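Single-structure report; data block below.
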Amino acid sequence: MDDDLTDLSRDDLVAEVIRLRNGIRAHRDSSGHELCWHHPQLWGLLPEPIPDDIKVPAWPQFLRGCLRYRESLDRQLPQAPRVDVEFDH
């Protein structure tokens, strides 16, 4: 799966690491409602295509997962400022 890396020069490998780090940073620096979104830009950093058969949970399971994710933020980032901004396209 990662055979494309074996033929890269050192400079090309460094450029690839920088590209991947920039993508990870963009995802890490998401804030507010951006944390809840599907992030194809992050997945697009990989050389293989994004699978067409991604499974999406039904609404009740999805909402329970959202609640658990938000609860985990309270535990892991209790000092993070809270905002009351409503989602708006």
Side-chain angles (χ1 to χ4, degrees):
M1 182 177 297
D2 293 320
D3 294 340
D4 59 313
L5 299 175
T6 59
D7 294 330
L8 294 180
S9 69
R10 181 188 183 290
D11 289 343
D12 289 338
L13 285 170
V14 168
E16 180 68 1
V17 168
I18 291 170
R19 184 179 77 87
L20 296 173
R21 283 183 174 188
N22 287 336
I24 293 167
R25 285 183 185 108
H27 181 72
R28 176 202 62 197
D29 296 343
S30 296
S31 187
H33 291 284
E34 294 171 0
L35 294 170
C36 300
W37 292 104
H38 169 69
H39 290 276
Q41 301 90 342
L42 182 63
W43 297 355
L45 295 173
L46 295 170
E48 63 270 13
I50 297 172
D52 291 332
D53 62 348
I54 294 172
K55 293 170 182 58
V56 177
W59 277 105
Q61 293 81 7
F62 178 80
L63 291 174
R64 282 193 293 273
C66 287
L67 289 172
R68 290 185 68 189
Y69 172 65
R70 183 58 187 78
E71 289 166 352
S72 76
L73 291 175
D74 281 341
R75 286 189 308 276
Q76 296 174 36
L77 296 170
Q79 74 286 357
R82 303 305 191 238
V83 296
D84 61 356
V85 177
E86 292 290 334
F87 172 72
D88 184 25
H89 280 281

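These numbers were taken from a predicted model, which means no experiment stands behind them. Position 1 is the first residue of the sequence, and the numbers go up from there.
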Review point. Between R68 and E71, is there a side-chain N and carboxylate O pair less than 4.0 Å apart?
Key: no
Minimum heavy-atom distance between [X] and [Y], given as atom pair plus value:
| X | Y | answer |
| --- | --- | --- |
| E16 | L45 | OE2-O, 4.4 Å |
| P78 | Q76 | CD-C, 3.4 Å |
| T6 | D3 | OG1-O, 2.8 Å |
| E34 | H39 | O-NE2, 3.2 Å |

**Message:** If we count only N and O atoms by modelled type, under 3.5 Å, do the side chains of D12 and S9 hold a donor and an acceptor together?
**Reply:**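 Yes.
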| task | Fit a plane to each ring of W43 and H38, take the angle between them on a 0 to 90° scale, and name the class: parallel (under 30°), tilted (30 to 60°) or perpendicular (over 60°). | result |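 Taking H38 first and then W43, their aromatic rings stand perpendicular (interplane angle over 60°).
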* Provide the full list of ring pair (Phe, Tyr, Trp, His ring centres under 6.0 Å) pairs with a residue in residues 4-26, sequence neighbours left out, each pair given once. =>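 Pairs touching residues 4-26 that pass the test: none.
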For D88, does its backbone N or O pair with a side-chain atom of H33 as donor and acceptor, under 3.5 Å? no
If hydrophobic clusters are built by linking Ile, Leu, Val, Met, Phe, Trp and Tyr wherever their side-chain heavy atoms come under 4.5 Å apart, do L20 and L42 end up in the same one? yes
Value for CZ (F87) from CH2 (W37), rounded to nearest 0.5 Å, stands at 3.5 Å
Those residues at least two apart in sequence (or on a different chain) that pass side-chain contact (heavy atoms from CB on, under 4.5 Å) with R25 are R21, N22, R28, D29
Test salt bridge (Lys or Arg N to Asp or Glu O under 4.0 Å) applied to D74 - qualifying residues, sequence neighbours left out: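 Applying salt bridge (Lys or Arg N to Asp or Glu O under 4.0 Å) to D74 gives R70, R82.
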inquiry  = What I'd like to find out is whether the side chain of L77 reaches to under 4.5 Å of the side chain of Q79, using heavy atoms alone.
reply    = yes
